[in-house]
Amino acid sequence: MDKTPTSGIKFYITTPIYYVNASPHIGHAYTTIIADAVARFKRFKGDEVFFLTGTDEHGEKIKKAALAAGKNTQDFVDEVSLNFSRLWEKIGVRYDYFIRTTDASHRQAVQKAIKILADKGDIYKSTYHSLYCVPCEAFWTDTQVKDAGNLCPDCKRPVETIEEENYFFKLSQYEPWLKQYLKDNPGFVRPKIRHNEVMGFLDNNKLQDLCISRPKTRVGWGIDFPLDNNYIVYVWFDALLNYISALGFGGDEKKFKKWWPADIQFMAKDILRHHAIFWPIMLKALDLPMPKAIFAHGWWKIGEEKISKSKGNIVNPLDLIKDIGVDGMRYFLLREVTLGLDGNYNWTAVVNRVNSDLANDLGNLVYRTLNMAEKYEQGKVNPSHTGIPGIFKEIFESMQTKYIALMDDYDFSAALESIFAFTSVMNKYVEDTKPWNLAKEKKEEEIRNFLYALLEGIRIIAIYLAPVIPQTAASIMRQLGLPETFDFRDAVWAKYKSYSIKKEAPLFPRIET
RNA sequence: CGCGGGGUGGAGCAGCCAGGCAGCUCGCAAGGCUCAUAACCUUGAGGUCAGCCGUUCAAAUCGGCUCCCCGCAACCA
């Protein structure tokens with residue numbers, strides 16, 4: 001499927017690494033599918049793409065989750081990490097590298113980064129005071145505890161103040177730089193509302209230095225802190241560095257230089273601050289260039305509520321694909337909501353979207369066209385005229401220009417809408433042309449030209465749909481009797497002058513409820 | 001005045017940054033067609049764009065105030 005790159009452009013794209021204390025849900029799938037669709041889109045343009053995803057495997061919570069599962073910690077993280085990578089295989093996610101924070105190369109990169117910062121004088125030791133819930137092994141802020149009635153917000157038991165020696169990273173020192181950088185680069189944090197949010201936060205708060213160590217006596221699962229054997233590295237500090245350790249930072253400098261900085265880093269809005277504040281400052285302190293952009297997308301709410309393990313309103317992607325298929329899920333997630341905003345997930349919306357767009361508009365168009373090609377022309381379509389029909393012209397051209405621009409801007413929903421506007425015109429073309437009458441009148445040539453125009457239109461939308469629904473695109477190509485290998489250079493009218501089709505079952509059966 | 005998001009036909013949303021015919025999907029009503037997955041095509045009904053005030057030739061869009069809903073409030077990932 002891979003072609004020789006033609007654009008000469010390199011594109012590095014990341015998802016966050018997912019925390020392995022539980023199995024993946026629809027939110028994880030969402031972020032990863034977004035990144036996969038962008039990666040595929042860029043590959044079809046001819047860019048050389050490096051798409052990174054992976055798992056975040058350190059911290060006391062992981063150790064506890066392993067204990068609860070009655071497993072050795074390493075076995076447990078191996079298992080859960082596999083749940084993620086297997087899910088990605090299953091839903092058509094084609095990443096280039098899967099990083100695990102328990103990898104030796106990652107550990108070395110993190111330790112190297114800390115040494116660099118320490119040598120610069122950006123790390124110091126100090127005493128850390130905080131409210132701590134012993135049963136939960138969790139820290140809480142004053143406000144959190146106060147809002148919970150002076151109890152642990154989680155378990156509602158009394159908290160105690162603890163005091164311990166720790167290592168701190170001089171985050172505060174870089175605050176003026178970060179403010180200026182964000183001001184000068186308003187497109188760095190996307191979408192714009194998130195940029196505004198970060199700016200507002202920085203205007204209203206003073207950054208405190210970040211505590212980046214944890215004593216081994218309390219947290220026993222993490223990367224050894226290179227400056228002091230009694231500590232491990234705080235898990236967020238460890239985790240963020242995956243974006244560069246995966247490229248060989250601190251090891252394979254050639255590979256690292258080739259790919260860094262990232263072109264786009266996706267994440268959900270709940271981890272915006274880590275990526276918009278900690279991460280740029282860490283890079284700045286390491287003298288590394290900033291990613292070109294970070295993009296915080298919204299949440300899927302189930303009904304009106306946030307997805308939450310304690311509420312038990314988790315949607316398992318594996319269950320969903322059983323009902324609507326891999327491409328049904330990918331399409332729904334990317335089409336239903338404008339990227340960046342929150343979405344409401346409910347079964348009615350899923351069925352509606354899949355039935356009306358994929359089964360009725362697209363699937364039925366393909367099926368009826370192939371059926372007519374078989375019925376009227378025995379599957380062989382040799383037209384006398386390969387020009388684009390007048391009724392197609394305007395919408396076809398508008399689709400081509402809009403689609404590329406919208407996809408480049410990560411507006412999947414509008415990009416898909418522009419494709420479906422064309423399928424709608426093709427359905428109308430069938431009604432207008434009335435091939436069943438032409439058949440009765442034995443106007444063979446007109447039928448062939450009519451069928452050719454539809455097949456050519458279908459071929460081109462399959463190419464454009466491929467980043468989002470790759471299996472469907474491949475199936476369409478197969479049914480058109482064409483190779484399943486293609487890129488955007490093939491999306492020109494009349495590339496093929498005739499068709500010999502191989503009809504299969506409808507692409508998307510209607511979901512009956 | 002802690003910060004941010006949202007309130008647009010029955011449902012879910014886009015449009016707002018860069019003011020200029022209120023748009024999309026579903027649903028509903030009527031009609032058409034028969035190649036097709038009860039699909040597809042056409043037409044129609046349905047909105048004081050949360051409210052008030054202001055700027056403007058012109059406001060869903062800009063500014064101010066009010067009400068309601070939802071998140072966040074950083075060493076818990």
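Being a predicted model, the structure only gives us computed values, none of them experimental. Residue numbers start from 1 in every chain, and the chains themselves are labelled A, B, ... in the order their sequence lines are given, proteins ahead of strands.
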*Hey, is A:Lys380 close enough to A:Glu444 for a salt bridge, meaning N to O under 4.0 Å?*
no

Between N or O atoms, less than 3.5 Å apart, protein on one side and nucleotides 15-20 of chain B on the other: list the pairs.
from, atom 1, to, atom 2, distance (Å)
B:C17, O2', A:Lys192, NZ, 3.3

_Check this for me, if you would: do A:Asp56 and A:Arg100 make a salt bridge, where the nitrogen-to-carboxylate-oxygen distance has to be below 4.0 angstrom?_
no

*Write down the distance between CZ (A:Arg194) and P (B:C3), rounded to a whole number of angstrom.*
16 Å

*Just compare B:A77, B:G32, B:U37 and give me whichever is closest to any side-chain atom of A:Glu431.*
B:G32

*Provide the closest heavy-atom pair for A:Asn21 versus A:Ile62 in the form atom of the first, atom of the second, distance.*
N-CD1, 3.8 Å

*Answer yes if the ring centres of A:Phe84 and A:His28 are under 6.0 angstrom apart, and no otherwise.*
yes

*asked:* Given B:C41, B:C72, B:A74, identify the nucleotide with an atom nearest to the side chain of A:Trp299.
replied: B:C72

*Could you give the CD1-to-P distance, from A:Ile501 to B:C35, as a whole number of Å?*
17 Å

*asked:* Under 4.0 Å, counting only non-hydrogen atoms across every strand here, what does A:Asp342 touch: a base, just sugar-phosphate, or nothing?
replied: nothing

*When the ring centroid of A:Phe392 is compared with that of A:Phe422, is the distance short of 6.0 Å?*
yes

*Output the distance between atom CD (A:Glu512) and atom CG (A:Asn355), rounded to the nearest 0.5 Å.*
7.0 Å

_What residues from residues 434-452 of chain A pass a heavy-atom cutoff of under 4.0 Å to RNA chain B?_
A:Trp436

*Does a sphere of radius 6.0 Å around NZ in A:Lys503 hold more than 12 heavy atoms from other residues, nucleotides or ligands, not counting ones at 6.0 Å or beyond?*
yes

*A:Phe508 near the nucleic acid: base, sugar-phosphate alone, or nothing, with a heavy-atom cut-off under 4.0 Å?*
base

_Secondary structure string for RNA chain B (Watson-Crick or G-U under 3.5 angstrom, | for other-strand pairs)_ = .(((((((.[[[[.)....(..]]]].(((((.......))))).....[[[[[..)....]]]]])))))).....

*With a 4.0 Å cut-off, would you call A:Asp409 and A:Arg190 a salt bridge?*
yes

*Does A:Arg459 come within less than 4.0 Å of A:Glu456, counting only side-chain N to carboxylate O?*
yes

*Are any of the side-chain nitrogens in A:Lys179 or A:Glu175 under 4.0 Å away from the carboxylate oxygens of its partner?*
yes

*Select base, sugar-phosphate, or nothing to describe what A:Asn427 touches, counting heavy atoms under 4.0 Å on all strands.*
sugar-phosphate

_Just to be sure I understand the rule, does A:Glu417 reach a base, reach only the sugar-phosphate, or reach nothing, if contact means heavy atoms closer than 4.0 Å?_
sugar-phosphate

